[in-house]
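No hydrogens, no waters, no symmetry mates; every other heavy atom, side chains included, goes into these values. Protein chains get the first letters and strands the later ones, always in sequence-line order, with residue 1 at the start of each.
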Number of protein chains: 2
Amino acid sequence: MSLDHAILGFLRERPMSGYDLKTMCFDGRAAHFWTADQAQVYRTLDRLESRALVRSRTERQRSRPDRKIYSITDAGTSELDRWLRETPPPPPLRDPFLIRLRFADSLPSEDLIGLLRERRGALQTRLEALRERAAGGAHTATTPDRAALLERLTLDAAMADTRATIDWLDDSIELIEAESEQARELPPGTQRRLFAPPTAAEGAKR
Amino acid sequence: MSLDHAILGFLRERPMSGYDLKTMCFDGRAAHFWTADQAQVYRTLDRLESRALVRSRTERQRSRPDRKIYSITDAGTSELDRWLRETPPPPPLRDPFLIRLRFADSLPSEDLIGLLRERRGALQTRLEALRERAAGGAHTATTPDRAALLERLTLDAAMADTRATIDWLDDSIELIEAESEQARELPPGTQRRLFAPPTAAEGAKR
DNA sequence: CACAAGTATATGACGAGACATATATGTTAT
DNA sequence: ATAACATATATGTCTCGTCATATACTTGTG
């Protein structure tokens, strides 16, 4: 259902072809909060048209394949506005990386830390890409344009999320390093232990 | 694939039935990073057994339905350890709420802000639940147990993520309020504008 | 006594999403 | 020349995940 409304949203801004939606939107402006497969975009457009939420006209091009330009209908606009007011509960968090981490106690400490550092690197790269997009973005906080502000906020969300995860990884690496030090000092059997704060990271925020 | 390995991970800790996996793990200890439908758990166990990664024995109970207790095989343990070392790129972010936000410029400011506040409330509730779980958790940062530490880190991840999103929502609400003030002062046509920092929130962190 | 809830496993049906492949044409690079 | 690439749409197929439903026994509640 999400993809349906994402497409309605983009088509309300301007009519577009499936190709445009895929390349400009789901591989571009929306890539940091929603992606979509090409096949899925076309099939969703079909379905939306059959429900009369969008309509299409074929645009003939010289020396190019025809384009099917979709535009939103009044019914589509109503449906979008109705959907915008819904407040479904946030979906449960699901992160495959946390599955890996949760069961990685069978790995040597070095490998485990390597795993976390690798992930950190990937997220750092992602964060830099997001920052570049934000810098080049339309709404550099001066346009009194609601849509541009909201687009900017979606980028902020992605950046906030990525940065928080990086910080968590840094804290986690430290904790694991401290714990593996400790294990070296106190070989199995010796069950005395050093003090460590409540896994740090968890200050008295909010 | 993720569910396969989550199940292998839990079964490596101790043999369990599908019912246990569903109620204790995917509705309990793992719920903050992975969930699974009951039907999917049983079907995945079937598949893992047919691949000889787990085996089952039927435990007869008096005055209760039989239980099929699954345990991990050597092949299962190898597969889990192999998988643990994989470093796939982080999956693209996907957040249905951000679709809604992105296209919510057709809503009146009050409704838009209501949407954000509602979400904030839901996340605050989630955060409190996570904090309780963390407080009651096994690893209160004193056990020198790698598995308990890693379990704790997954909770930290969920809390960090949730808190970051709440902070972002607070910043966003402020920005939208500021913008809608501004719009009231400068009715359409009047294209002068007030100063606003680069959507705040984006300090010079990291 | 009826009914709901807890324990326990299983199947049918469907939608969402990913991947591969097919088709057609023109331009650009090797 | 030929291959690769960009433009443009479409279909087949598969996995993952969700929802509904079926079965069967027991305990607790009204």
Rounded to whole Å, please give me the gap between [atom1] in [X] and [atom2] in [N].
X: Trp34(A); N: dA18(C); atom1: CH2; atom2: C1'; answer: 14 Å
X: Arg60(A); N: dT25(C); atom1: CZ; atom2: P; answer: 14 Å
X: Arg94(A); N: dT18(D); atom1: CZ; atom2: C1'; answer: 11 Å
X: Gln61(A); N: dA24(C); atom1: CD; atom2: P; answer: 18 Å
X: Arg67(A); N: dG26(C); atom1: CZ; atom2: C1'; answer: 16 Å
X: Asp66(B); N: dC25(D); atom1: CG; atom2: C1'; answer: 11 Å
X: Ile99(A); N: dC16(D); atom1: CD1; atom2: P; answer: 12 Å
X: Leu48(B); N: dC16(D); atom1: CG; atom2: P; answer: 11 Å

Is the side chain of Thr73(B) donor-acceptor paired with the backbone N or O of Leu53(B) at a distance under 3.5 Å, no angle test?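 Checked: pair present.
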Near DNA chain C, under 4.0 Å by heavy atom, which residues of residues 5-33 of chain B?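 Within this stretch, Ser17(B), Gly18(B), Tyr19(B) sit under 4.0 Å of the strand.
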Comparing Arg47(A) with Tyr70(B), nearest DNA chain C nucleotide closer to 5' gives the residue Tyr70(B)
For Pro65(A) and Ile69(B), find the nucleotide of DNA chain C closest to each by heavy atoms; which residue's nucleotide sits nearer the 5' end? Ile69(B)
Is the closest side-chain heavy-atom distance between [X] and [Y] below 4.5 Å?
X: Met16(B); Y: Tyr70(B); value: no
X: Phe103(B); Y: Arg12(A); value: yes
X: Arg146(A); Y: Leu150(A); value: yes
X: Leu112(B); Y: Leu101(B); value: yes

Return yes if a side-chain donor-acceptor contact under 3.5 Å exists between Asp20(B) and Ser17(B), otherwise no.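 Yes - a donor-acceptor pair under 3.5 Å links their side chains.
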Can a donor-acceptor pair be found between the side chains of Ser106(A) and Asp81(B) at a distance below 3.5 Å?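 Side-chain D/A pair, Ser106(A) to Asp81(B): present.
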Name the one of Trp83(B), Trp34(B), Phe10(B) that satisfies ring pair (Phe, Tyr, Trp, His ring centres under 6.0 Å) with His5(B)?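 Testing His5(B) for a ring pair (Phe, Tyr, Trp, His ring centres under 6.0 Å) against Trp83(B), Trp34(B), Phe10(B) leaves exactly one candidate, Trp83(B).
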Minimum heavy-atom distance between Leu115(B) and Glu86(A), given as atom pair plus value: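 For Leu115(B) versus Glu86(A), the nearest heavy atoms are CD1-O, 3.9 Å.
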What are the atom names and distances for every N/O pair under 3.5 Å that joins the protein to nucleotides 11-14 of chain D?
residue : atom : partner  : partner atom : Å
dG12(D) : N7   : Arg43(A) : NH1          : 3.3
dG12(D) : O6   : Arg43(A) : NH2          : 2.4
dT13(D) : O4   : Arg43(A) : NH2          : 3.3

